[in-house]
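Below is one structure; the comments refer to it alone.
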2 protein chains.
Amino acid sequence: MKKKIYVHVADDHKILIEGIIAVINTDKDIEIKDYSLTGQEVVDWFDKKGNKADVLILDITMPILDGFEVLRHFNKKQINQKVIILSSYDDIKIVQEMLSLGCNGYITKNNAGEHIVNAIKAVANGEQYFSEDIQKIVIKSFSGKFVLPGDSPEKSLIEALTEREIDVIRLISREYSSPEIADKLNLAVSTVDTYRKSLLKKLKVKNAVGLAMYAVKNKII
Amino acid sequence: MKKKIYVHVADDHKILIEGIIAVINTDKDIEIKDYSLTGQEVVDWFDKKGNKADVLILDITMPILDGFEVLRHFNKKQINQKVIILSSYDDIKIVQEMLSLGCNGYITKNNAGEHIVNAIKAVANGEQYFSEDIQKIVIKSFSGKFVLPGDSPEKSLIEALTEREIDVIRLISREYSSPEIADKLNLAVSTVDTYRKSLLKKLKVKNAVGLAMYAVKNKII
DNA sequence: TAGTCTCTCCCCCTTTTTGGGGAGAAGAAA
DNA sequence: TTTCTTCTCCCCAAAAAGGGGGAGAGACTA
């Protein structure tokens with residue numbers, strides 16, 4: 001017989017917890033260990049000796065301590081707790097923050113029912129699990145460009161760059177050297193160097209790093 | 001009756017194209033318009049008046065022009081062509097580059113059969129489509145760098161950087177040269193170069209631009 | 001105590017970048 | 001027609017970056 005997966009659920013709405021328990025009870029490999037209604041309760045429960053769960057289902061908005069604080073607590077105490085975020089937020093910033101705090105899964109409440117059991121099993125098994133809508137926004141944000149902290153895309157000189165210069169700055173930003181760029185664009189290395197020089201002058205930056213940063217800021221990579 | 005989805009396939013291996021056609025022909029909503037064996041053929045085909053396809057299935061490694069070049073061509077000509085990358089590469093760098101070039105889907109060849117029809121329908125419908133393995137590595141690369149100490153499989157890269165290395169990568173990202181960094185940190189230039197080298201090795205990037213990009217992505221600048 | 005990690009510096013060498021200059025061809029604009 | 005921009009390539013030289021390697025001091029840790 002397979003080993004049971006023990007789960008702790010934390011959400012400030014009792015009714016939602018009951019719903020989750022009902023869904024999970026349909027699967028005999030999973031068992032709810034206990035539940036919490038606030039972040040503080042979660043922290044206290046896991047701090048108490050003998051209390052542990054394979055997977056913690058965690059809401060974000062909770063009184064006293066929210067989901068972020070709970071994860072920060074685990075990180076600070078170096079507790080390696082597997083956590084699935086169950087949230088109504090599908091905002092990329094929140095997802096990103098949760099990922100950076102080390103959550104193992106993220107599912108949204110509007111399609112929790114179909115995902116929760118699979119998510120628990122995957123995460124208990126050491127995998128990550130994200131519902132489709134979350135996968136989508138993560139990938140979307142990935143294909144969008146990176147934004148540097150605290151800078152607005154300045155009066156873009158970008159119009160002042162010629163087509164070829166844009167070709168070159170793009171490849172520089174992707175870590176290519178001049179010989180490699182020359183090869184890709186079918187140009188002489190000396191020509192690529194000419195573009196490098198004119199780019200440095202036009203954009204008033206010191207080196208290739210400055211060019212790459214400019215490309216990032218102005219979303220031309 | 002539903003409108004047919006017209007597809008153009010590009011791969012330098014005829015046999016693979018034949019396989020794809022065979023799979024697609026099982027679905028009566030999709031029709032192969034034509035195919036190309038090189039990137040140049042793709043570009044020429046789409047440039048030719050009257051030729052158009054709802055979705056382009058595109059291989060990366062092809063003679064004359066590769067998949068990257070084909071997408072760059074579309075971007076340069078401001079052609080809004082829906083593209084699904086069909087590749088044997090599941091390297092995050094390549095996926096990332098393709099995403100930034102605006103591809104609408106990415107599936108790997110080893111599980112193309114089960115995905116290709118759904119991918120085509122999704123992309124034709126304006127959605128994005130990525131096979132599970134690609135979704136996984138994208139999300140992993142998104143979260144992987146942030147995984148916290150004591151946690152999870154491998155140690156996070158950012159945690160693996162020493163204090164001094166972070167000092168150096170920060171200054172590199174601000175366009176400082178090694179002599180300048182040495183001056184600012186009161187070190188010998190050779191010491192700064194040692195840090196540069198260990199950073200390049202640890203972060204698996206090619207040059208200072210790669211270091212700066214890493215710093216931006218991981219918000220350590 | 002022995003081992004590992006970090007910080008520091010050095011040697012060698014090759015490749016690349018940066019900085020200065022010039023210049024021809026094509027095309028568009030004045 | 002002349003002028004301007006863009007694209008292309010070249011020369012030279014100095015500075016910087018990249019790629020090996022080694023090595024000592026100090027601190028932490030198994």
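First the proteins, then the strands, lettered A, B, ... as listed; each starts at 1. All values derive from a computational prediction rather than experimental measurement.
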Check your understanding: Which pairs count as salt bridge (Lys or Arg N to Asp or Glu O under 4.0 Å) when at least one residue sits in residues 184-196 of chain A, sequence neighbours excluded?
Key -> none
Just the rounded figure in Å: distance from [atom2] of [N] to [atom1] of [X].
X	N	atom1	atom2	value
A:Lys206	C:dT16	NZ	C1'	17 Å
B:Leu199	C:dC7	CG	C1'	14 Å
B:Leu171	D:dA17	CG	C1'	16 Å
A:Asn207	C:dT16	CG	C1'	13 Å
B:Ile172	C:dT17	CD1	P	15 Å
A:Leu211	C:dT16	CG	C1'	14 Å
B:Glu175	D:dA15	CD	C1'	17 Å
A:Asp193	D:dA15	CG	P	18 Å

Practice item. Kindly calculate the angle separating the two end axes of the helix from C:dT1-D:dA30 to C:dA30-D:dT1, each obtained from five base pairs, and round it to 10 degrees. Key: 40°
Review point. With sequence neighbours excluded, what pairs up with A:Tyr129 under the ring-ring contact (aromatic ring centres under 6.0 Å, His included) test?
Key: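 Scan of A:Tyr129 (ring-ring contact (aromatic ring centres under 6.0 Å, His included), adjacent residues dropped) gives A:His115.
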Exercise for review: Could you note down all residue pairs passing ring-ring contact (aromatic ring centres under 6.0 Å, His included) where residues 188-210 of chain A supplies at least one of them, sequence neighbours left out?
Suggested key: none
I'd like a table of donor-acceptor pairs (distance under 3.5 Å, sequence neighbours excluded) in which one partner is a side-chain atom from residues 53-60 of chain B, with atom names and distances.
| residue | atom | partner | partner atom | Å |
| --- | --- | --- | --- | --- |
| B:Asp54 | OD2 | B:Tyr6 | N | 2.7 |
| B:Asp59 | OD1 | B:Lys109 | NZ | 3.3 |

Review point. What's the shortest heavy-atom distance between A:Pro179 and A:Val189, and which atoms?
Key: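 Smallest heavy-atom distance, with atoms named: CA-CG2, 3.9 Å.
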**Study point:** Taking every non-hydrogen atom, the tightest pair across B:Glu165 and B:Leu199
**Key:** O-CD1, 3.7 Å
Applying side-chain contact (heavy atoms from CB on, under 4.5 Å), can you list everything that pairs with [X], at least two apart in sequence or on another chain?
X	value
B:Leu200	B:Val205, B:Leu211
B:Asp34	B:His8, B:Trp45
B:Lys14	B:Glu18, B:Tyr35, B:Leu37

Exercise for review: Apply side chain to side chain donor-acceptor pair (under 3.5 Å) to B:Asp44 and list each qualifying residue two or more places apart in sequence or on a separate chain.
Suggested key: B:Gln40
Practice item. Mark up nucleotides 7-13 of chain D, 5' to 3', with B wherever a protein heavy atom is under 4.0 angstrom from a base atom, S wherever such an atom reaches only the sugar-phosphate, and - elsewhere. Key: SBBB---
Exercise for review: List in chain and number order the residues that pass salt bridge (charged side-chain N to carboxylate O under 4.0 Å, His left out) with A:Glu41, two or more places apart in sequence or in another chain; answer none if no residue qualifies.
Suggested key: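 Per chain and number, A:Glu41 pairs via salt bridge (charged side-chain N to carboxylate O under 4.0 Å, His left out) with no residue.
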Exercise for review: Mind running a 4.0 Å heavy-atom check of residues 176-183 of chain A against DNA chain C and sending the residues that fall below it, in number order?
Suggested key: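 Nucleic-acid contacts, sorted: A:Ser177, A:Ser178, A:Pro179.
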